[in-house]
2 protein chains.
Amino acid sequence: MRTEKLTLGQLNRHLGYFLRRLQLWVFQDFIRALAPLKVRPAQYSVLLIVEANPGRSQATVGKTLGIERARLARMLHALERRKWIARHANGSDARSHSLYLTAQGAKALAKIKCLAEQHEAKLAEHVGPSRHKQLMAWLREYG
Amino acid sequence: MRTEKLTLGQLNRHLGYFLRRLQLWVFQDFIRALAPLKVRPAQYSVLLIVEANPGRSQATVGKTLGIERARLARMLHALERRKWIARHANGSDARSHSLYLTAQGAKALAKIKCLAEQHEAKLAEHVGPSRHKQLMAWLREYG
DNA sequence: CGCTAATTGTTGCTAATGACAACATTCTCG
DNA sequence: CGAGAATGTTGTCATTAGCAACAATTAGCG
């Protein structure tokens with residue numbers, strides 16, 4: 001099969017399509033870059049949020065990231081098993097857990113961030129540095 | 001739980017995060033908009049590509065859209081079962097199938113496109129029409 | 001020509017993700 | 001106090017992605 005170029009037809013008019021294509025590229029690169037540490041994008045986002053907002057509840061973190069309660073609960077169990085995250089009792093609300101990075105988790109996150117930055121640099125190169133900046137500015141308002 | 005705003009921390013520096021958030025919004029809205037016809041985004045993209053490029057093989061379509069062979073094969077079986085897509089023998093290569101929209105498929109696609117356009121209009125309104133245009137221009141080069 | 005390597009479509013399997021429902025515990029608020 | 005909401009947990013299901021293996025066919029090279 002010769003690599004014949006097909007026309008996208010109406011697809012050309014759908015932002016979602018191009019968004020999806022680039023997003024897939026980004027995730028695939030991220031997953032490959034972080035594979036040595038076995039960290040997935042969603043896990044990374046949770047670690048960063050907990051680092052920047054220690055002591056918050058699962059519900060708060062989940063709402064911020066748009067991760068569903070059930071899914072986050074299971075993810076946190078996995079992160080707890082790896083001793084990267086600790087869940088303490090919340091004094092003022094016995095239902096909720098306060099989330100913290102463990103010392104071990106902070107150390108791991110430092111390494112993770114390093115790889116993630118390399119990934120981000122690769123992404124910036126892929127889309128072009130100026131486009132990267134522009135896209136970031138455009139998109140940041142809908143996170 | 002008061003809806004306390006958390007800081008995103010380092011997440012603020014990752015294009016992939018914002019890309020993902022907007023992409024999720026788009027897909028969720030698309031899926032909801034197309035739910036009456038039970039069409040998913042990937043199916044829609046295949047229908048559009050086949051419409052715009054009738055008679056091509058699964059491999060060609062798959063490569064264009066970045067859909068894996070196995071996945072596309074199963075998706076096409078479903079579309080064939082709904083009598084939207086027909087697969088004919090390819091004269092010059094007995095291994096491959098030529099893909100076509102059926103008359104019924106073309107009729108269904110017309111309705112689908114109408115709903116998809118409404119979705120796109122909603123998306124344009126969500127991000128702002130000028131941003132929609134800009135994002136399209138930025139992103140189109142990486143499809 | 002003949003044979004190896006690649007291509008095409010198919011199926012099976014695994015893992016990750018998202019969504020939803022049910023549940024026990026605990027809190028809020030009238 | 002009591003009804004209803006919130007929180008975390010578990011279970012289930014459907015979709016998606018990726019990989020591996022396979023039969024049939026084709027391409028390409030010696």
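Only a predicted model underlies this, so the values are computations on that prediction, with no experimental measurement involved. Excluded from the calculations below are hydrogen atoms, water molecules and symmetry mates; all remaining heavy atoms, backbone and side chain alike, are included.
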Round to the nearest Å and state the distance from [X] atom [atom1] to [N] atom [atom2].
{"X": "A/Phe27", "N": "C/dG18", "atom1": "CZ", "atom2": "C1'", "answer": "13 Å"}
{"X": "B/His97", "N": "D/dT26", "atom1": "NE2", "atom2": "P", "answer": "12 Å"}
{"X": "A/Arg32", "N": "D/dG18", "atom1": "CZ", "atom2": "P", "answer": "10 Å"}
{"X": "B/Trp25", "N": "C/dG18", "atom1": "CH2", "atom2": "P", "answer": "18 Å"}
{"X": "B/Arg56", "N": "C/dG9", "atom1": "CZ", "atom2": "P", "answer": "13 Å"}
{"X": "B/Ile85", "N": "C/dG9", "atom1": "CD1", "atom2": "P", "answer": "13 Å"}
{"X": "A/Arg40", "N": "D/dT16", "atom1": "CZ", "atom2": "P", "answer": "16 Å"}
{"X": "B/Glu68", "N": "C/dT11", "atom1": "CD", "atom2": "P", "answer": "14 Å"}

>> Reading DNA chain D from 5' onward, which residue's closest nucleotide shows up sooner: A/Leu24 or A/Ala70?
In response: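 Closest to the 5' end, via its nearest nucleotide, is A/Ala70.
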> Same hydrophobic cluster for B/Ile31 and A/Phe18, using side-chain heavy-atom links shorter than 4.5 Å among ILVMFWY?
Replying inline: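 No, B/Ile31 does not connect to A/Phe18 through the hydrophobic network.
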> Thinking salt bridges, do B/Lys113 and B/Glu51 make one under a 4.0 Å N-O criterion?
Replying inline: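 Salt bridge: yes.
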> Is any side-chain N of the basic residue among A/Arg87 and A/Glu80 closer than 4.0 Å to the acidic one's carboxylate O?
Replying inline: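 Result for this pair is yes, salt bridge flagged.
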Kindly say if [X] contacts the phosphate of [N], meaning a side-chain N or O under 4.0 Å from OP1 or OP2.
{"X": "A/Arg71", "N": "C/dG18", "value": "yes"}
{"X": "B/Gln58", "N": "C/dT7", "value": "no"}
{"X": "A/Arg87", "N": "D/dT9", "value": "yes"}
{"X": "A/Gln28", "N": "D/dA17", "value": "no"}
{"X": "A/His77", "N": "D/dT9", "value": "yes"}
{"X": "B/Lys63", "N": "C/dT7", "value": "no"}

> If we only count heavy atoms from C-beta on, is the B/Leu48 to B/Leu109 side-chain gap below 4.5 Å?
Replying inline: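 Yes, side chains in contact.
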> What orientation do A/His126 and A/Trp25 show, parallel under 30°, tilted 30 to 60°, or perpendicular over 60°?
Replying inline: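 The arrangement is parallel - the two ring planes meet at less than 30°.
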>> The side chain of B/Asp93 is closest to which nucleotide in this list: D/dT7, C/dA16, D/dT26?
In response: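 So the nucleotide nearest the side chain must be D/dT26.
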> Going by modelled atom types, is there a donor-acceptor pair between the base of C/dT7 and the side chain of B/Arg95 at under 3.5 Å?
Replying inline: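 Side chain to base: pair present.
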> Is A/Arg74 side chain donor-acceptor paired with the D/dG11 base, going by distance under 3.5 Å alone?
Replying inline: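 Yes.
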>> Return whichever of A/Ala94 or A/Ile67 has its heavy-atom-nearest nucleotide of DNA chain C closer to the 5' end.
In response: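 Its nearest nucleotide lies further toward 5', so the answer is A/Ile67.
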> Looking across every strand, which nucleic acid part, if any, lies under 4.0 Å from B/Arg20 by heavy atom: base, sugar-phosphate, or nothing?
Replying inline: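 Counting heavy atoms under 4.0 Å across all strands, the contact made by B/Arg20 is with sugar-phosphate only.
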